[in-house]
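Encoded as structure tokens, the structure appears first; notes follow it.
Residue numbers count from 1 along this sequence.
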Amino acid sequence: MKNKDPRIDAYIDKSAEFARPILRHLRELVHTACPEVKESIKWSMPSFGHAGGILCNLAAFKEHCAFGFWHHDMKAVIAKDGGKAEQAMGGFGRITSLDDLPGDAAMLRYIKKAARLNESGKPARLRPAKPRKELTAPADFATALSKNKAAAKTFQNFSYTNRKEYIEWLTEAKRDETRQKRLATALEWLADGKPRNWKYLNC
């Protein structure tokens with residue numbers, strides 16, 4: 001395969017044993033259907049670009065893999081064939097073996113369709129962009145940050161999404177005991193420079 005990114009080789013090699021043949025096979029299908037595809041890593045996942053936009057991406061987790069297309073129109077195409085988007089990230093549900101995927105002919109057809117959509121110049125956003133709400137740290141969180149310089153510095157330098165994930169994690173706690181436990185954990189992770197979902201960055 002041409003246009004290979006060695007970071008994807010490393011990603012696959014670090015993945016769980018069950019995931020490696022799945023990732024390698026999907027990668028090969030993408031290159032077969034769209035030889036001009038450009039590989040990269042985005043959001044810590046293997047990503048494939050084409051015609052100035054993202055074509056598709058894949059990921060490996062502890063117990064399953066995921067594969068999905070970026071163009072919004074592909075969601076309807078896959079759903080029409082019985083897609084499983086609601087079961088996991090991407091349009092094909094939790095992929096634990098190659099048997100969980102449609103046949104190669106169908107996958108090649110999907111990839112070629114996605115490539116044509118990218119070439120058409122139609123917007124490839126998954127959903128319209130929404131105005132960002134101003135983030136306000138809860139009072140107890142703000143107070144705790146003011147007493148922990150390392151955690152506060154990390155939080156202030158984090159992206160909007162990373163800050164939002166911490167705030168939502170705290171505010172979604174239903175019990176005060178749970179909230180206090182999460183608050184202590186958040187301060188510990190922030191002091192170490194970790195985002196809320198740091199455990200999944202290299203899964």
Side-chain angles (χ1 to χ4, degrees), residues 1-71 74-75 77-78 81 83-115 117-118 124-126 154 157-159 161-162 165-166 169 185 188-203:
M1 293 181 285
K2 64 178 182 178
N3 304 326
K4 290 181 62 178
D5 189 323
R7 293 176 296 173
I8 293 183
D9 293 304
Y11 181 97
I12 294 174
D13 290 341
K14 291 180 181 178
S15 299
E17 186 175 354
F18 84 90
R20 293 171 201 158
I22 299 172
L23 300 178
R24 291 186 181 115
H25 188 66
L26 286 169
R27 185 187 193 187
E28 183 177 352
L29 288 175
V30 171
H31 279 270
T32 298
C34 185
E36 303 84 10
V37 77
K38 301 290 185 181
E39 294 188 345
S40 64
I41 294 288
K42 294 183 181 296
W43 304 287
S44 301
M45 298 181 294
S47 177
F48 303 87
H50 176 64
I54 298 174
L55 179 67
C56 56
N57 50 28
L58 52 86
F61 302 98
K62 291 182 179 180
E63 297 181 351
H64 74 281
C65 295
F67 178 78
F69 296 102
W70 193 250
H71 203 287
M74 288 303 299
K75 183 177 181 180
V77 173
I78 297 170
D81 291 346
K84 304 173 183 178
E86 73 284 353
Q87 296 180 12
M89 180 183 77
F92 300 93
R94 295 171 60 88
I95 306 168
T96 59
S97 74
L98 291 173
D99 292 336
D100 292 329
L101 288 167
D104 287 358
M107 290 299 296
L108 291 170
R109 187 174 70 251
Y110 289 141
I111 298 165
K112 290 178 180 179
K113 172 67 174 178
L117 286 170
N118 273 29
R125 296 188 63 87
L126 290 177
T154 298
N157 292 332
F158 262 161
S159 67
T161 299
N162 283 332
E165 288 175 345
Y166 268 114
W169 189 45
T185 301
E188 179 184 346
W189 287 352
L190 284 167
D192 288 339
K194 297 176 179 177
R196 159 75 179 90
N197 294 308
W198 65 272
K199 294 182 178 179
Y200 305 103
L201 292 179
N202 296 311
C203 324

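Pairing each heavy atom of Arg27 with each of Asp5, the nearest pair is NH2-O, 3.6 Å. Taking every heavy atom of both residues into account, Ser47 and Asn57 meet most closely at CA-CB, 4.1 Å. Nearest heavy atoms, Val37 versus Phe48: CG2-CB, 3.4 Å. Looking at every heavy atom in both residues, Leu23 comes nearest to Ala60 through CD1-CB, 3.8 Å. Annotation for Phe67 and Met107: closest pair CE2-CE, 3.7 Å, computed over non-hydrogen atoms. Of all heavy-atom pairs spanning Cys56 and Val30, the tightest one is SG-CG2, 3.8 Å.
Atoms NZ and CD, from Lys194 and Glu188 in turn, are 7.0 Å apart once rounded to the nearest 0.5 Å. The CG atom of Leu55 sits 13.0 Å away from atom NZ of Lys112, with the distance rounded to the nearest 0.5 Å. Note that CD1 of Ile22 is 7.0 Å distant from CG of Leu101, once rounded to the nearest 0.5 Å. Atom NE2 of His25 sits about 11.0 Å away from atom CD1 of Ile95, to the nearest 0.5 Å. Note that CG of Asn118 and NE2 of His50 are 6.0 Å apart. Values are rounded to the nearest 0.5 Å. Put simply, CG on Asp104 and OG1 on Thr32 are 9.0 Å apart, with the number rounded to the nearest 0.5 Å.
Trp189 and Trp198 have perpendicular rings, their planes meeting at more than 60° on a 0 to 90° scale where under 30° would count as parallel. The aromatic rings of Phe69 and Phe92 stand perpendicular to each other, their planes meeting at an angle above 60°, with 30° marking the opposite boundary.
Atom CD of Glu63 is surrounded by 12 or fewer heavy atoms from other residues, nucleotides or ligands within 6.0 Å. By the neighbour-count criterion of 12 heavy atoms within 6.0 Å, atom NZ of Lys113 is sparsely surrounded, having that number or fewer from other residues, nucleotides or ligands.
Taking the side chain as every heavy atom from C-beta outward, Cys65 and Phe18 approach each other to under 4.5 Å.
Each of Lys14, Arg20, Arg24, Lys4 was scored for a salt bridge (Lys or Arg N to Asp or Glu O under 4.0 Å) with Asp9, with one residue passing: Lys4.
Within the 3.5 Å criterion, the main-chain N or O of Arg196 finds no donor-acceptor partner in the side chain of Asn162.
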side-chain contact (heavy atoms from CB on, under 4.5 Å) between Glu165 and Asn197, worked out: CA-CA 8 Å; Glu165 288 175 345; Asn197 294 308; 3.5 Å; yes
